[in-house]
Amino acid sequence: MPDRETEDEAKMRKVIAENIRRVEEMLQFLPLHPETVKDLRAKVGLLRTILLEQRAPAFALVGRRGAGKSSLVNALFGAKVAEVGHVKSQTGQGKWFDYRSERGAISVLDTRGIQEGSTPAEDDPAKDAVASILGPLRRKVPDVILFLVKATEADSGIDADLAVLERIYAEIEREHRFRPPLVAIATHCDVLEPKGTRLHLASAEPREDVDEKLARVSEVEHHLETKIKARGKLAPHLVWTRGLSSYMSFRESGELRGDERWRVDELVGTLFKHMPDAGRGTFVRIARVRGLQEQLATDLTRATAVICTGVAAVPIPVADLFPITAMQMSLVAGIAWLSGRPLDKKAAAEFLGAMGANVGAAVVLREGFRALMKVVAPGLGSMISGAIAFAGTMAVGAAARQYFLRGGSIEDARRAFADAKASSEEEGKRQEDEVRRGMNGAPPPPTGDA
Ligand SMILES: Nc1nc2c(ncn2[C@@H]2O[C@H](COP(=O)(O)OP(=O)(O)OP(=O)(O)O)[C@@H](O)[C@H]2O)c(=O)[nH]1
Ligand SMILES: [Mg+2]
């Protein structure tokens with residue numbers, strides 16, 4: 001559980017946990033094919049992980065002193081959270097440290113510079129730089145290991161660094177039976193020749209200068225990748241090798257003075273891709289990359305919509321829409337949270353209120369009754385159409401994304417709602433068919449999205 005949880009957040013989490021528990025209970029009563037159950041459980045699991053079980057993503061940053069480890073942490077936050085050393089070696093004894101902003105924390109093992117040139121400013125009793133990080137690695141396993149080299153130093157003595165990296169991998173493997181993905185980064189690419197050519201403002205620079213600089217960046221990347229690939233113990237784990245710049249300048253007060261970050265968004269995308277769901281929600285809040293927030297919010301929406309389709313198949317009176325409404329409310333709260341807002345009822349309730357009280361449920365109710373008038377069916381049970389529950393939930397999710405992630409107005413959100421509802425109806429029918437087929441003992445088609 002995230003620390004520093006406010007009372008409101010704790011309350012909201014309790015409500016969501018209760019909703020999810022109730023839905024799980026309901027789904028149990030559905031005589032579904034085991035594959036369909038498995039799929040629904042996976043979707044409930046995603047909601048649970050994103051909304052209830054988030055933790056700080058954990059990165060081990062390995063690199064010589066001055067390679068730019070602390071700067072990279074700041075670059076991920078887009079704010080000054082880590083002390084950057086300009087003269088002396090800054091980061092002391094290797095330990096896990098939570099860097100945090102009001103949007104969440106990233107747990108970083110900011111190793112003291114490997115191959116020290118000078119004693120770190122903070123006292124480190126451990127003589128061996130490697131020994132100082134083995135202890136912490138035993139205590140907690142990183143989601144991703146980031147290996148940093150200055151672009152200008154990539155060809156000097158990198159073998160010793162890679163030997164250290166191998167030791168680190170061996171240790172993690174021994175302790176955790178896990179080998180984290182490895183991301184190799186050449187930092188300080190902005191200072192490669194031609195030094196004055198700004199990569200972060202490339203469109204304003206002469207094309208040939210930019211090309212020359214990019215060619216140098218590629219050269220460094222190629223060299224770095226070749227070196228790592230030559231080591232059998234590291235090669236299988238390498239997922240990404242890129243040059244970038246994390247340079248940002250801050251005033252004493254912490255105020256941002258200059259931002260020359262280049263390709264950090266690509267790095268963020270890579271880290272997101274290779275970390276478990278339990279860290280993803282927190283990470284997209286911190287890094288504020290809209291595309292990734294959207295991606296996660298879309299996943300949440302779809303998962304909730306499929307679950308609601310299942311819930312609609314449970315034979316309960318039409319009026320008992322509680323679980324569907326509650327799940328839609330949780331979805332809205334979750335999307336608001338991904339955008340960086342606190343996880344509490346207020347934002348979700350205000351939004352739904354402004355949209356026109358419980359829009360999604362209203363749709364389900366209205367169309368459910370319409371269906372009831374048309375069809376003479378025995379038992380009022382499954383009169384809430386799964387297709388309508390699906391489309392209504394997709395619509396709520398689309399509206400929330402429009403409002404919370406894209407900063408749209410309530411009017412925009414209403415439009416997004418109507419569009420998404422119309423465009424999800426066909427898929428809703430397919431989803432409903434799938435659930436019904438499952439109830440008749442047939443497995444879902446293999447292409448059904450998981
Ligand atoms: N131009 C440029 N400077 C950078 C970049 N990344 C870091 N720096 C600068 O390099 C110096 C060292 O950066 P740090 O982030 O403190 O390096 P570190 O790896 O944390 O160093 P230690 O904690 O001492 O091991 C600082 O002056 C940073 O401003 C970059 O991509 N480009
Ligand atoms: Mg540092």
Side-chain angles (χ1 to χ4, degrees), residues 59-99 106-124 126 128-133 136 145-154 156-158 160-161 164-165 168 183-202 213-214 216-217 220-221 224 241-252 254-268:
F59 303 134
L61 303 192
V62 179
R64 277 180 233 171
R65 68 158 289 212
K69 301 178 290 297
S70 304
S71 300
L72 189 73
V73 171
N74 291 335
L76 293 176
F77 274 90
K80 188 178 172 187
V81 292
E83 212 41 62
V84 170
H86 292 287
V87 190
K88 281 200 91 190
S89 181
Q90 271 293 337
T91 311
Q93 184 172 14
K95 60 184 170 211
W96 285 105
F97 190 85
D98 276 1
Y99 291 100
I106 295 182
S107 200
V108 173
L109 181 60
D110 182 354
T111 67
R112 59 172 276 182
I114 298 168
Q115 299 185 311
E116 281 302 275
S118 63
T119 318
E122 295 165 38
D123 243 8
D124 185 359
D128 179 355
V130 180
S132 81
I133 57 176
I145 296 186
L146 288 79
F147 177 62
L148 283 76
V149 210
K150 258 191 192 173
T152 47
E153 294 174 3
S156 60
I158 182 180
D161 296 346
V164 167
L165 201 53
I168 290 172
V183 165
I185 299 166
T187 60
H188 291 76
C189 280
D190 52 313
V191 302
L192 289 172
E193 269 304 306
K195 194 162 175 280
T197 303
R198 299 162 304 174
L199 291 171
H200 66 291
L201 294 173
K213 193 154 182 153
L214 287 176
R216 283 185 217 279
V217 173
V220 171
E221 290 169 347
L224 186 56
T241 309
R242 281 286 195 290
L244 53 73
S245 166
S246 18
Y247 185 81
M248 296 173 89
S249 174
F250 300 97
R251 295 209 164 80
E252 270 311 310
E255 187 196 344
L256 184 64
R257 175 164 47 195
D259 183 353
E260 298 179 13
R261 284 177 293 174
W262 177 65
R263 279 198 184 159
V264 169
D265 45 354
E266 273 183 55
L267 171 68
V268 167

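When a ligand or atom number is given, it counts from 1 through the structure's own listing order.
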Any salt bridge linking [X] with [Y]? Criterion: basic side-chain nitrogen under 4.0 Å from a carboxylate oxygen.
X	Y	result
Arg198	Asp190	no
Glu255	Lys80	no
Arg263	Glu221	yes

Notebook entry, point to check: side chain to side chain contact (heavy atoms under 4.5 Å, CB included) between Phe147 and Asp161: does it pass, once the steps are laid out?
Noted result: CA-CA 9 Å; Phe147 177 62; Asp161 296 346; 3.6 Å; yes
Check: With a 4.0 Å heavy-atom cut-off (strictly under), which part of Glu83 contacts ligand 1: side chain, backbone, both or neither?
Finding: neither
Notebook entry, point to check: What part of Asp190, side chain, backbone, both or neither, has a heavy atom within less than 4.0 angstrom of ligand 1?
Noted result: side chain
Note to self: Regarding Ser71, does it place an N, O or S atom less than 2.8 Å from the Mg ion (ligand 2)?
What the structure shows: no
Ligand 1 atoms in contact with [X] (distance to a heavy atom under 4.0 Å):
X	value
Ser71	6 (N), 7 (C), 8 (N), 13 (O), 14 (P), 15 (O), 28 (C)
Val191	1 (N)
Gly68	7 (C), 13 (O), 14 (P), 15 (O), 17 (O), 18 (P), 19 (O)

Margin query: When you measure from the side chain of Lys69 to the backbone of Leu61, do you find a donor-acceptor pair of N or O atoms at a distance under 3.5 Å?
Written below: no
Checklist line | Polar side-chain atom of Thr187 near backbone of Ala67 as donor-acceptor pair, under 3.5 Å | finding: yes
Just distances here: any N/O of [X] and N/O of ligand 1 closer than 3.5 Å?
X	answer
Ala67	yes
Gly66	yes
Thr187	no

Check: Counting heavy atoms only, which of Arg64, Lys69, His188 is nearest atom 6 (N) of ligand 1?
Finding: His188
Note to self: Go through it in stages, so that I can follow the logic: the residues are Arg242 and Ile185, the test is side chain to side chain contact (heavy atoms under 4.5 Å, CB included), and I'd like the CA-CA distance, side-chain angles, deciding distance and then a yes or no.
What the structure shows: CA-CA 5 Å; Arg242 281 286 195 290; Ile185 299 166; over 6 Å; no
Note to self: With a 4.0 Å cut-off on heavy atoms, is Met248 in contact with ligand 1?
What the structure shows: no
Check: When you look at Arg216 and Glu193, which way does the salt bridge (Lys or Arg N to Asp or Glu O under 4.0 Å) test go after all the steps?
Finding: CA-CA 8 Å; Arg216 283 185 217 279; Glu193 269 304 306; 5.8 Å; no
